[in-house]
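Just below is one structure, and these are the notes that go with it.
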Amino acid sequence: MQAITLPSYGGPEVLTLTELDDPVPGPGEVLLDVAATAVNRADLLQRQGFYAPPPGAPAHPGLECSGTVAELGEGVAGWEVGDQVCALLTGGGYATKVAVPAGQLLPVPAGVSLVEAAALPEVACTVWSNVFMRADLQPGEVFLVHGGSSGIGTMAVQLANHLGARVFATVGSPAKAERVVALGAERAVLYRSEDFVEVVRAEGGADVVLDVIGAKYLARNVEVLADGGRLVVIGLQGGAKAELDLGALLAKRGSVHATALRSRSASSKAQIVQAVLAGVWPLLETGEVRPVVDRVLPLAQAGEAHRVVEESGHVGKVVLQVA
Ligand SMILES: NC(=O)c1ccc[n+]([C@@H]2O[C@H](COP(=O)([O-])OP(=O)(O)OC[C@H]3O[C@@H](n4cnc5c(N)ncnc54)[C@H](OP(=O)(O)O)[C@@H]3O)[C@@H](O)[C@H]2O)c1
């Protein structure tokens with residue numbers, strides 16, 4: 001098979017199209033002919049040498065893909081050769097073939113193309129598991145998501161809006177503000193010129209915050225929480241270590257969570273995938289929630305795709321077409 005590998009760590013230029021042996025599906029796994037994969041910010045960190053794949057994962061990047069089932073490993077039930085699917089991966093999506101535990105497969109939702117479906121697994125599983133399963137966002141509650149125009153943000157805004165929350169989203173530019181409002185945010189906050197604490201506190205504070213910045217925003221994220229508010233940190237773009245004012249947190253009976261999807265066990269990922277199938281897939285099939293695809297580039301242009309994401313020149317997902 002062909003894959004984009006990392007012969008060394010560094011800039012986008014290190015991503016190299018390489019011939020590798022085909023993966024063999026183990027017991028409980030399925031081999032996919034990959035149609036498309038998508039770029040995640042974590043892939044940029046992996047490329048730079050800051051995010052090693054978990055033990056047992058392929059060394060080449062790619063946390064999600066869409067494709068066609070080519071072969072069933074021992075004991076796989078419920079899927080047939082030829083099924084069109086998308087999949088949450090622990091790595092290896094930047095390739096023409098990948099083996100994946102069957103529990104991490106999802107059908108391509110009706111009305112979504114096979115290529116677009118590659119943009120769904122990582123954002124749907126991350127947002128659903130954190131905002132709804134972990135933080136238990138309820139209709140009528142105030143939800144603040146940082147990076148509202150990101151892959152994660154565009155899914156979070158749509159899901160929270162369709163499930164009845166009031167959505168606030170931070171963004172880096174007026175053009176991105178327009179996009180997140182069109183996706184369902186009540187108000188976009190320009191993080192370079194506006195204070196999200198002031199804006200959201202004026203609405204009573206945030207019941208749930210989905211944070212991708214980490215240390216740099218910790219104090220202000222606690223400050224913006226409403227009584228009983230839940231802060232979920234999933235990204236550390238602003239660093240990993242900061243001081244937490246427990247006094248401020250306990251006064252409002254708040255909670256802070258920090259989670260990673262990639263390092264979860266296959267059975268934990270399978271549970272999330274089942275919950276996503278029940279909670280998110282119906283909204284995709286009615287068209288109420290859509291994959292937001294900024295652009296589709298061929299796999300061989302993975303370097304260019306990384307440059308776009310690195311410069312935040314995108315809204316939603318950058319997809320790499322494989323087949
Ligand atoms: N823990 C997990 O399981 C998990 C899973 C998936 C993703 N993530 C994390 O989620 C984040 C988003 O991932 P992605 O792939 O969707 O990335 P992405 O599309 O590259 O988005 C990055 C976002 O960060 C925003 N941002 C940068 N600086 C900011 C600031 N000071 N304040 C507010 N927003 C800021 C950018 O906003 P502008 O473009 O508007 O400047 C952009 O929307 C990443 O940090 C990623 O590591 C975590």
Side-chain angles (χ1 to χ4, degrees), residues 37-48 50-51 54 61-64 88-91 93 118-131 133-135 144-158 168-181 183 185 188-197 199-200 209-218 220-221 224 231-240 257-264 268-269 272 276 291-295 305-320:
T37 182
V39 178
N40 286 280
R41 192 149 279 263
D43 305 343
L44 278 51
L45 295 175
Q46 182 173 340
R47 190 201 72 216
Q48 292 165 319
F50 299 134
Y51 192 24
L63 295 174
E64 58 192 333
L88 183 67
L89 306 173
T90 310
L120 290 172
E122 180 73 16
V123 295
C125 292
T126 301
V127 172
W128 193 255
S129 61
N130 285 291
V131 177
M133 295 167 74
R134 175 67 63 127
L144 170 64
V145 55
H146 290 300
S149 68
S150 65
I152 293 290
T154 50
M155 179 55 70
V157 167
Q158 292 185 84
F168 295 78
T170 56
V171 290
S173 71
K176 289 184 175 181
E178 268 181 41
R179 294 291 301 275
V180 300
V181 167
L183 288 170
V189 184
L190 294 166
Y191 67 75
R192 293 193 169 91
S193 57
E194 292 185 295
D195 179 5
F196 68 81
V197 176
V199 173
V200 180
V209 177
L210 183 64
D211 176 58
V212 295
I213 301 301
K216 190 173 142 196
Y217 275 5
L218 181 63
R220 290 165 75 209
N221 278 334
V224 81
L231 164 62
V232 188
V233 180
I234 62 162
L236 302 173
Q237 293 178 68
H257 309 252
T259 81
L261 181 59
R262 188 181 195 183
S263 53
R264 284 177 183 251
S268 166
K269 287 192 181 109
I272 291 171
V276 162
V292 178
V293 175
D294 184 86
R295 70 193 74 188
H306 274 219
R307 272 183 208 101
V308 170
V309 173
E310 213 141 54
E311 290 161 6
S312 252
H314 63 299
V315 170
K317 301 282 294 191
V318 175
V319 167
L320 292 169

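Every number for a ligand or one of its atoms is a count from 1 in the order of the listing. Only heavy atoms go into these numbers, but all of them, side chains included; no hydrogens, no water, no symmetry mates.
- With a 4.0 Å heavy-atom cut-off, ligand 1 is reached by the side chain of T126 but not by its N, CA, C or O.
- For atom 41 (O) of ligand 1, the closest non-hydrogen atom on the protein side is Y191 OH, 2.5 Å.
- Neither the backbone nor the side chain of K317 comes within 4.0 Å of ligand 1, counting heavy atoms alone.
- Here R295 pairs with nothing under the salt bridge (charged side-chain N to carboxylate O under 4.0 Å, His left out) rule; sequence neighbours left out.
- Surrounding CZ of R41 are more than 12 heavy atoms belonging to other residues, nucleotides or ligands, all under 6.0 Å away.
- Below 4.0 Å from some heavy atom of I152 lie the following atoms of ligand 1, by number and element: 6 (C), 7 (C), 10 (O), 12 (C), 13 (O), 16 (O).
- Atom OG of S150 sits about 6.5 Å away from atom NE2 of H314, to the nearest 0.5 Å.
- Atoms of ligand 1 lying under 4.0 Å from at least one heavy atom of T170, given by number and element, are 33 (C).
- The protein atom (non-hydrogen) at minimum distance from atom 15 (O) of ligand 1 is R41 N, 3.0 Å.
- Each of the atoms 45 (O) of ligand 1 lies under 4.0 Å from some heavy atom of G235.
- Here the shortest heavy-atom pairing between A305 and V39 reads CB-CG2, 3.8 Å.
- Protein heavy atom at the shortest distance from atom 19 (O) of ligand 1 is H314 NE2, 2.7 Å.
- With a 4.0 Å heavy-atom cut-off, ligand 1 is reached by the side chain of K176 but not by its N, CA, C or O.
- Only the side chain of I213 comes within 4.0 Å of ligand 1, counting heavy atoms alone; its backbone N, CA, C and O stay farther away.
- Residue-ligand proximity, V171 to ligand 1, at heavy-atom distances under 4.0 Å covers atoms 40 (O).
- At a heavy-atom cutoff of 4.0 Å, ligand 1 is contacted by the side chain of E122 but not by its backbone.
- Nearest to atom 40 (O) of ligand 1 among the protein's heavy atoms is G172 N, 2.7 Å.
- Looking from atom 23 (C) of ligand 1 to the surrounding protein, the closest heavy atom is S150 CB, 3.7 Å.
- With values rounded to the nearest 0.5 angstrom, T90 atom OG1 is found 8.5 Å from L261 atom CG.
- The distance criterion of under 3.5 Å between nitrogen or oxygen atoms is met by T259 with respect to ligand 1.
- With rounding to the nearest 0.5 Å, the separation of CG in D211 from CG in L144 is 8.5 Å.
- Taking every non-hydrogen atom of V212 and a distance limit under 4.0 Å, the qualifying atoms of ligand 1 come out as 10 (O), 11 (C), 45 (O).
- Protein heavy atom in closest approach to atom 31 (N) of ligand 1: Y217 OH, 3.1 Å.
- Using a 4.0 Å cut-off to heavy atoms of V309, the atoms of ligand 1 that qualify are 20 (O).
- Put simply, the side chain of R47 does not reach to within 4.5 Å of the side chain of P61, judged on heavy atoms.
- Remark: side-chain polar atoms of E64 are paired, donor with acceptor, to backbone N or O of E122 under 3.5 angstrom.
- To the nearest 0.5 Å, atom CG of residue N40 and atom CD1 of residue I152 are 7.0 Å apart.
- For ligand 1, the polar-atom distance check against L236 finds no nitrogen or oxygen pair separated by under 3.5 Å.
- Residue, atom and distance of the protein heavy atom nearest to atom 25 (C) of ligand 1 are G147 CA, 3.8 Å.
- Remark: E178 pairs with no residue by the salt bridge (charged side-chain N to carboxylate O under 4.0 Å, His left out) rule, at least two apart or across chains.
- Within the 4.5 Å cutoff, the side chain of H257 has no heavy atoms near those of the V233 side chain.
- Distance check, rounded to the nearest 0.5 Å: CG of L183 to OG1 of T154 gives 6.5 Å.
- Numbered from 1 in the order shown, with element, the atoms of ligand 1 that lie under 4.0 Å from a heavy atom of G151 read 16 (O), 19 (O).
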Test M155 against L120 for side-chain contact (heavy atoms from CB on, under 4.5 Å), laying out the working first. CA-CA 9 Å; M155 179 55 70; L120 290 172; 3.8 Å; yes
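- Regarding atom 3 (O) of ligand 1, its nearest protein heavy-atom neighbour is L261 N, 2.8 Å.
- Ligand 1 is approached by A260 to a heavy-atom distance shorter than 4.0 Å.
- The aromatic rings of H146 and F196 stand perpendicular to each other, their planes meeting at an angle above 60°, with 30° marking the opposite boundary.
- Between atom 45 (O) of ligand 1 and the options E310, E311, Q237, the minimum heavy-atom separation is to Q237.
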